[in-house]
2 protein chains.
Amino acid sequence: MSQTRPPAPAGSSQLIRQLNAQRVLSCMWGREPSTATELMHATGLTRATILTLCRELTEQGWLEVSENSRQAGQYTKGRPALRYAFREDACHVIGVDAGLHQVTAAVANLRGVEVGCATRESNPQGSDAPPQPAQERRRTILDTVDAALAQAGLAHADVACLVIAVPAPVDSSGHSPKGLNPFWSLMNPELISLGAEHGWDCAVDNDANLAALAELDLQSSSLHDSFAVILSGERLGAGIVMEGRLLHQPRGGIGELGMLDLVHGVESANGLGWWARHLAREALQKTPELAGPLGEVTAEAVTSEHVFAAAAQGDPLAREIIDQLADRLARICVVLSGLLDLDRILVSGAIAPALTDVAALAKQKLAQYLYAPWLQIEASTLGADAVRRGALRLAVDRIQDRALNSGPGH
Amino acid sequence: MSQTRPPAPAGSSQLIRQLNAQRVLSCMWGREPSTATELMHATGLTRATILTLCRELTEQGWLEVSENSRQAGQYTKGRPALRYAFREDACHVIGVDAGLHQVTAAVANLRGVEVGCATRESNPQGSDAPPQPAQERRRTILDTVDAALAQAGLAHADVACLVIAVPAPVDSSGHSPKGLNPFWSLMNPELISLGAEHGWDCAVDNDANLAALAELDLQSSSLHDSFAVILSGERLGAGIVMEGRLLHQPRGGIGELGMLDLVHGVESANGLGWWARHLAREALQKTPELAGPLGEVTAEAVTSEHVFAAAAQGDPLAREIIDQLADRLARICVVLSGLLDLDRILVSGAIAPALTDVAALAKQKLAQYLYAPWLQIEASTLGADAVRRGALRLAVDRIQDRALNSGPGH
DNA sequence: TCGCTTATATTAAGTCTTTATATTAAAGCG
DNA sequence: CGCTTTAATATAAAGACTTAATATAAGCGA
């Protein structure tokens with residue numbers, strides 16, 4: 001009975017195979033097609049190894065052989081190299097910006113390119129009706145997702161991951177604190193369970209955190225810089241990236257800005273949009289017969305858009321308000337950057353495009369409070385897209401992690 | 001000429017050897033002696049592999065065979081197992097707390113146990129003399145280090161790493177900002193070069209950061225909690241640990257608390273010791289003939305120690321001051337914990353032992369400003385040792401990293 | 001069309017490292 | 001002294017990589 005040896009020892013040396021497969025796949029993830037020779041230089045592995053791994057990854061569905069070997073035109077002599085391409089449509093992901101007033105869902109491929117998008121009103125801005133109850137909100141989100149899928153021409157089975165952004169703190173299991181602030185529960189009524197019925201991987205996260213991820217995706221210039229993204233509409237929220245990684249805590253409270261109540265000249269966590277409207281209304285009530293563009297609106301009807309538009313036309317009151325907003329923003333930057341030594345602070349959200357001047361002014365005012373000449377203060381170029389893009393980015397990241405860590409689980 | 005094949009292919013499969021050696025060494029680093037069987041359970045590797053690795057690590061000097069195989073007494077029958085022990089004295093490290101008023105150096109083995117310690121006065125507390133010039137400070141530090149080594153009975157060659165803590169921000173290359181604050185340059189006059197003459201690995205870091213490391217070392221109960229350590233003597237400084245890792249930035253500005261100037265009820269980055277003295281002096285000047293223990297000191301001579309001692313005796317003025325200190329601390333905690341969602345905040349430094357009551361009071365007052373019932377606010381038990389212990393911890397960590405990552409470089 | 005050149009793909013050793021099994025060694029105990 | 005127990009060593013087998021040789025797929029020129 002000692003003649004026959006069991007055939008499969010199954011050593012732990014498959015680990016190295018896993019590591020190398022990871023390296024190859026990360027080299028190709030979201031990139032242009034590559035030849036074995038290019039991958040050899042990128043990874044330091046041998047041609048034989050690279051080709052074996054590429055074959056495996058192709059069988060798993062992550063890569064495919066692209067035919068344009070010679071057309072790519074690096075060289076003209078010799079046997080044309082095989083070119084392996086990242087399969088950006090191996091599966092798709094969905095990112096949802098589930099805001100208070102509207103819900104936007106986008107379908108994207110694994111490069112993060114949107115192939116479908118849909119929006120539904122949720123709690124219309126003007127109305128004084130109570131916010132949607134939990135079931136209705138869940139329904140709205142599912143409807144929006146289905147509409148986005150329909151526009152993309154994809155079925156539920158084509159989707160691998162769903163990420164939902166909500167204006168509330170979200171803990172590491174996807175829930176928001178109950179009881180403390182009823183608004184939070186209404187914004188995130190157990191949304192983490194939404195993906196389950198289609199068997200999708202699902203995550204819920206705070207909107208500001210995801211906006212920060214979107215910026216991280218975009219500004220990959222200096223990979224190790226640190227920044228905060230301030231989401232600044234009606235209320236303030238922040239996401240913080242340190243050395244290329246988004247800070248997270250199990251309770252999900254990072255970037256909550258309630259503590260601004262204690263900061264001189266800020267006094268609240270209300271957003272810049274809120275303050276623009278508030279300051280304008282106050283001034284209009286005080287002097288109803290005001291000259292200039294801003295005087296044409298009544299105190300009740302004035303919005304932040306009016307203020308920014310008027311400021312662009314040179315209205316002195318609007319300019320004064322802009323100046324106050326900039327001072328507020330500068331002080332917020334002092335707190336964030338003074339404590340965390342950030343490289344830059346980005347103001348994002350739907351009103352970001354209007355805040356270019358405010359950010360520049362804030363940068364000037366910063367020096368009054370803090371020596372940090374390196375600090376950039378800018379308005380995000382993503383604007384209203386930031387949160388949704390961040391959700392898509394997280395979804396793609398989750399798929400990539402899964403691909404790298406648990407091989408064939410396609 | 002094709003018969004003879006080159007002997008050494010040197011594949012990348014040594015990588016797995018490296019990884020496994022790392023696992024084994026981390027399992028044993030600073031721990032009690034282990035048998036192969038124990039390591040098998042800890043690492044999942046086979047006995048043969050474990051023993052090979054242990055033999056290699058022994059040759060490299062990190063482990064040694066300890067003879068008390070059977071005495072350990074887990075079992076009594078069968079062949080006694082080899083027991084490999086971590087060589088805590090493979091080399092030694094030095095940690096220096098280079099404060100403004102005094103310099104303390106300690107020599108420790110690789111478990112972090114101090115085997116020698118020495119202190120030198122630097123800029124005596126009372127004196128109004130200008131601070132030591134750069135060369136003199138470097139000399140003082142080297143003297144202290146030599147004294148500590150002499151007490152430990154060790155030579156320069158026995159030391160592998162030197163870490164120096166200074167009360168100034170320190171960037172990732174060990175330098176402090178020049179020009180901005182002359183005090184910083186005086187505290188850190190290119191100390192990073194001090195280790196070079198003996199060939200030691202050398203690092204310089206901010207004192208509050210290192211105090212945070214010391215706490216991380218101590219409270220390893222819950223490995224993934226997040227906290228801040230506030231070093232609170234004359235000036236405030238903080239070190240921040242998120243999910244078990246110390247936050248760092250290339251410029252070294254994390255935990256600088258200058259932004260507290262903007263916080264209501266805090267208004268400055270002065271430390272709790274400074275405030276205790278300041279408030280007492282103010283009150284004594286206002287009413288020179290004060291009853292109670294605190295009235296026995298003159299306004300000029302009063303120190304924070306007087307205040308804490310008087311409060312312990314029930315002096316009403318001192319209690320009032322304690323209350324104000326607690327409010328200040330609570331507000332600082334609101335800013336830190338509100339933004340970063342910390343699990344606890346520790347107050348450290350030489351006056352920490354006197355701050356137990358202040359911390360408890362601050363915890364009570366916190367609820368006025370922030371809902372965070374999970375937040376612990378406590379005085380560190382390390383007190384004046386915190387910074388030096390943190391320096392030692394960093395030094396040991398650096399040696400461990402070097403051991404794990406570059407094999408035989410002993 | 002037939003070689004020749006060039007660049008890549010495939011295949012066949014050879015080595016390293018681990019696992020699995022068998023064998024040997026070192027105790028204690030009756 | 002033999003038996004039992006537990007650990008260390010030896011040997012064989014398998015996975016994974018590298019090296020080197022060989023095969024393949026072009027283009028180019030005579």
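What's counted below: heavy atoms across the whole structure, side chains too, no hydrogens, waters or symmetry copies. Residue numbers start from 1 in every chain, and the chains themselves are labelled A, B, ... in the order their sequence lines are given, proteins ahead of strands.
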Task: Spacing between R47(B) atom CZ and dT11(D) atom P, to the nearest angstrom - done: 19 Å

Task: Non-hydrogen side-chain atoms of L82(B) and C54(B) separated by less than 4.5 Å - done: no

Task: Between dA7(C) (C1') and M40(A) (CE): distance, integer Å - done: 12 Å

TODO: Go through dT19(C), dT19(D), dT8(C) for me and flag the one nearest to the T46(B) side chain.
DONE: dT19(C)

Task: Spacing between H41(B) atom NE2 and dA7(D) atom C1', to the nearest angstrom - done: 13 Å

Close N/O contacts between protein and nucleotides 2-6 of chain C (under 3.5 Å):
| unit_1 | atom_1 | unit_2 | atom_2 | d |
| --- | --- | --- | --- | --- |
| dT6(C) | O2 | G78(A) | N | 3.4 |

Task: Under-4.0 Å side-chain N/O to phosphate OP1/OP2 contact, N20(B) with dT17(C) - done: no

TODO: Identify whether any heavy atom of T37(B) sits under 4.0 Å from a base atom; if not, whether one sits that close to sugar-phosphate; answer base, sugar-phosphate or nothing.
DONE: sugar-phosphate

Task: T49(B), nearest nucleotide to its side chain (from dT18(D), dT19(C), dT9(D)) - done: dT19(C)

Open item on the list: If you count every heavy atom of other residues, nucleotides or ligands that lies below 6.0 Å from R111(A) atom CZ, does the total exceed 12?
Closed with: yes

- [ ] Applying salt bridge (Lys or Arg N to Asp or Glu O under 4.0 Å), name anything that partners R55(B), two or more places apart in sequence or on another chain.
- [x] none

- [ ] With rounding to the nearest 0.5 Å, note down the distance linking CG in D217(B) to CZ in R393(B).
- [x] 4.5 Å

Open item on the list: Please check this pair: side chain of Q151(B) against backbone of G116(B), looking for a donor-acceptor N/O pair closer than 3.5 Å.
Closed with: no

Task: Selected nucleotide, minimal atom distance to R17(A) side chain, candidates dA25(D), dT8(C), dA16(D) - done: dA16(D)

Open item on the list: Any salt bridge linking D201(A) with R402(A)? Criterion: basic side-chain nitrogen under 4.0 Å from a carboxylate oxygen.
Closed with: no

Task: Spacing between L45(B) atom CG and dA7(D) atom P, to the nearest angstrom - done: 17 Å

TODO: Please state whether the rings of W29(A) and W62(A) are parallel, tilted or perpendicular, taking 30° and 60° as the class boundaries.
DONE: tilted

Open item on the list: Counting only side-chain heavy atoms from C-beta out, which of dA9(C), dA26(D), dA8(D) sits nearest to L51(A)?
Closed with: dA9(C)

Open item on the list: What is the separation between atom CD on E38(B) and atom C1' on dA7(D), rounded to the nearest whole Å?
Closed with: 13 Å

Open item on the list: Without decimals, in angstroms, what is the distance between I50(B) CD1 and dT9(D) P?
Closed with: 14 Å

Task: Value in whole Å for how far the C1' atom of dA7(C) lies from CG of L82(A) - done: 12 Å

Open item on the list: From CZ of R55(A) over to C1' of dA9(C), roughly how many Å is that when rounded to an integer?
Closed with: 9 Å

